[in-house]
Amino acid sequence: MSAPVKISLPDGSVREMPAGSTPADVAAAIGPGLAKAALAARVDYGAGSELVDLSRPFAGDAQLALVTSRDEADALELARHDFAHVLAEAVQALFPGTQITFGPSTDDGFYYDFDPDARPFTEEDLPEIEAEMRRIIAADKPIRREVVGRDELIAKWRSVGEAFKAEWAGELPEDEELTVYWSGEDWYDMCRGPHLPSTGKLDPAAFKLTRVSGAYWRGDQKNAMLSRIYGTGWLNKKQLDTHLHRLEEAAKRDHRKLGQEMDLFHLQSEAHGSVFWHPKGYLIWRALEAYMRRAIDTAGYKEVKTPQVMDARQWEQSGHWGKYRENMFVIPDEVPNTEDDGPVISGEAEWMALKPMNCPAHVLIFRQGIKSYRDLPLRLYENGCCHRNEPHGALHGLMRVRQFTQDDAHIFCREDQIVEEARAFCALADRIYNDFGFTYAVKLALRPDQRFGADADWDKAEAELREAVVRAGMATDDYGWEELPGEGAFYAPKLEWHLTDAIGRTWQVGTLQSDRVLPERLDASYIAEDGDKHRPVMLHRAIFGSYERFIGILIEHFAGKLPVWLAPVQAVVATIVSDADDYARDVVRQLEAAGIRVEADLRNEKINYKVREHSLKKVPHMLVLGKREAEEGTVALRSMGAEHQKVMPLAEAIAMLRAEATPPDLRLP
RNA sequence: GCCGCUUUAGCUCAGUCGGUAGAGCACAUCAUUCGUAAUGAUGGGGUCACAGGUUCGAAUCCUGUAAGCGGCACCA
């Protein structure tokens, strides 16, 4: 008989329990309420706490914290994982012959990947599956952990036709104990656990199956396409409803929807993946472009413009032809056949390609003439229009397009200038993101498995970028500082700027890559103080990333209610009666003279109608003019988000709008 | 590219069992001159994504193509 175990509880008390006791026993010993509420246990044998099943016997003296629904993070994780298992059980009950694979929890719920017997699942199957899940939850089936032998388990999976499970079981590490979790006595899944004590601990009203999709087995395109069912899962109905409400709110700020409602841009199949910018959308673009030009001018960049189409040999030399050709638009360098019959192109011409990036062209500019060390750093900026033939399934509104314009620059510098240039860029990016009201995280993406260049160069490049962030004072938790192994580009490590938007989503936009490969491949050099040729280092950098995507992010971040300096229409002058028309025209003229983007609405409509319409279009300010205003030379200013209008003299309104319409970088401190 | 779904008026959508299309908004005209989120009436507007097929007859059923949507994979 083993010795009893000493279990310390969070309140400091210690309980002595017989050998073989479990967290469930401790909970029961403390009280029936806790026994009922307990979902799992955090047990610490001195090497850090671990989440385990309530029914898992203690291995020795331990610290114990019982997990209940009040321990939200742990409880959600357990619930979501169990929802996934219940989903799998339900699907196998309803669709015999379906193979099970994986089913993890996600940020808001869970999914499970199946290999269906007959056809992939569709959204029409979801209500039936949900109903079956609720039956399994209502049955309150006990969940039991069982340790099984590897060979026995593999044989078992094989015998019931579960090829994916058998494959996976065979590949788990040799020293790992394999476990299955039983749901009642009639269904089990291989799983590391932990799980809730029974299916009845789940709230049947706290989940919803949301969608189906395809997913590759083990995430690899070469493998079988499985059928994935997604769900969102919570601890109670209130949490679920809150989440569903959040999703609705997020859908309302979808830039594709707002782009249409606000008449900013459109996409159509004849040019899928390329944007038709409407006048109002392009005003946003132009405001950004003007802002960025001021920023780079003062930061010592030189703006350039480079060819859209270049000979394929140039792309071979840069290395892109070999690695990224499948995503490039190639063009035969010949006159197309103009006869009615016969192929348009001969197939024998040399290839050219639309530029997928600006870097090689900037190197070609650098290579013109002889560069001295005195010329460095040379910062070449381009609003670079690039084309990439993206996989069609990847296209998404403004966020992923086939033609886009980068705020792209390449800083050619000496080795000893890298850290300072990178530091200065961190400061520039910080200023710009602040101007747009974004918070952000800085991350360093380290060398990938497949890469160009010597390891020693990678060591150096990574250390330099790290040092630059330290000197910028941003290698701290406040700036979300983090290193990401394996995430770098094939030619360089990169710093990444991840913005957080108004509803907490993150968007990677900014980047800085320290590149020694491309200058070498394209033979860029400068004459140093010693009179010899040296290779410059090339820092690739962008702050918006692309104008298209950044505008998409801005639309979603502000839910269409752009700050006045970016709003395509900054004010509408709307009349209540036609007697005010002449005054309104005068007001519009004065606003225009003050540089305000203003529209007049003199239509014979009720003021309610006008207010509604311009509010829906997210115009920041309305100047409402009736008889009174016309007589007094005032305006009634109705501003988006304000509860009441403010009546003020016209001059005052103009001064106010003018101040608000001033871009943040031009405001007086 | 892969899996599933979708495609009807400028927009949002309805259209039953296969019998040549309908609403609201928008637009035009007329009336209304009104004080902060929809004034009323009248009118015009559609090769039902495209190409084939089945059928006496196709928006509807079948096949293919394209684009869009949700994911997966990809994202220099």
Considering only the [atom1] atoms, how many Å lie between [N] and [M], rounded to the nearest integer?
| N | M | atom1 | result |
| --- | --- | --- | --- |
| B:G70 | B:U63 | P | 26 Å |
| B:G15 | B:C61 | P | 12 Å |
| B:A49 | B:U7 | C1' | 6 Å |
| B:U29 | B:G44 | P | 15 Å |
| B:G18 | B:G24 | C1' | 28 Å |
| B:U47 | B:G43 | C1' | 24 Å |
| B:C5 | B:A59 | P | 23 Å |
| B:C34 | B:U39 | C1' | 9 Å |

In B/S/- notation (B base, S sugar-phosphate only, - none; protein heavy atoms under 4.0 Å), nucleotides 60-76 of chain B written 5' to 3' is -------SSSBBBBBBB
*From the options A:W234, A:F83, A:Y230, select the one residue that forms a ring-ring contact (aromatic ring centres under 6.0 Å, His included) with A:F110.*
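So, applying the ring-ring contact (aromatic ring centres under 6.0 Å, His included) to A:F110 and each of A:W234, A:F83, A:Y230, only A:F83 qualifies.
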Identity of whatever pairs with [N] - Watson-Crick or G-U, under 3.5 angstrom:
| N | value |
| --- | --- |
| B:C17 | none |
| B:C72 | B:G1 |
| B:A49 | B:U65 |
| B:U54 | none |
| B:G43 | B:C27 |
| B:C34 | none |

Atom [atom1] of [X] and atom [atom2] of [N]: how far apart are they, to the nearest Å?
| X | N | atom1 | atom2 | result |
| --- | --- | --- | --- | --- |
| A:L258 | B:C11 | CG | C1' | 14 Å |
| A:R638 | B:G35 | CZ | P | 15 Å |
| A:F121 | B:C5 | CZ | C1' | 16 Å |
| A:D601 | B:U33 | CG | C1' | 14 Å |
| A:K257 | B:C11 | NZ | P | 15 Å |
| A:R603 | B:U29 | CZ | P | 13 Å |

Compute the ring centroids of [X] and [Y], then answer whether they are less than 6.0 Å apart.
| X | Y | result |
| --- | --- | --- |
| A:F425 | A:W497 | yes |
| A:Y491 | A:H540 | yes |
| A:F265 | A:H278 | no |
| A:W507 | A:F550 | no |
| A:F404 | A:Y547 | no |
| A:F102 | A:Y111 | no |

Classify [X] by what it touches in the nucleic acid, base, sugar-phosphate, or nothing, heavy-atom distance under 4.0 Å.
| X | value |
| --- | --- |
| A:S227 | nothing |
| A:I607 | sugar-phosphate |
| A:Q260 | sugar-phosphate |

Which listed nucleotide ([options]) is nearest to the side chain of [X]?
| X | options | value |
| --- | --- | --- |
| A:N608 | B:A37, B:A26, B:U33 | B:A37 |
| A:E629 | B:G35, B:U39, B:U36 | B:G35 |
| A:V577 | B:A37, B:G35, B:U33 | B:U33 |

Counting only side-chain N and O atoms of A:R119, is one of them less than 4.0 Å from OP1 or OP2 of B:C3?
->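 No.
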>> For a quick test of reading the model: is some side-chain N or O of A:Y609 closer than 4.0 Å to OP1 or OP2 of B:C25?
In response: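 So the side chain of A:Y609 is outside the cut-off, no N or O lying under 4.0 Å from OP1 or OP2 of B:C25.
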Q) Starting at the 5' end of RNA chain B, which residue's closest nucleotide do you reach first, A:V647 or A:P120? A)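 Taking each residue's closest nucleotide, the earlier one in sequence belongs to A:P120.
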So which one's nearest nucleotide on RNA chain B is more toward 5', A:E124 or A:S615?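 Between the two, 5'-proximity favours A:E124.
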Legend entry - Shortest non-hydrogen contact between A:K618 and A:G560, atoms and distance: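 For A:K618 and A:G560, the tightest heavy-atom pair comes out as CB-O, 3.5 Å.
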Where A:R80 and A:D107 come nearest, the two heavy atoms and their spacing: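 Scanning both residues completely, I find the closest heavy atoms to be NH1-O, 3.1 Å.
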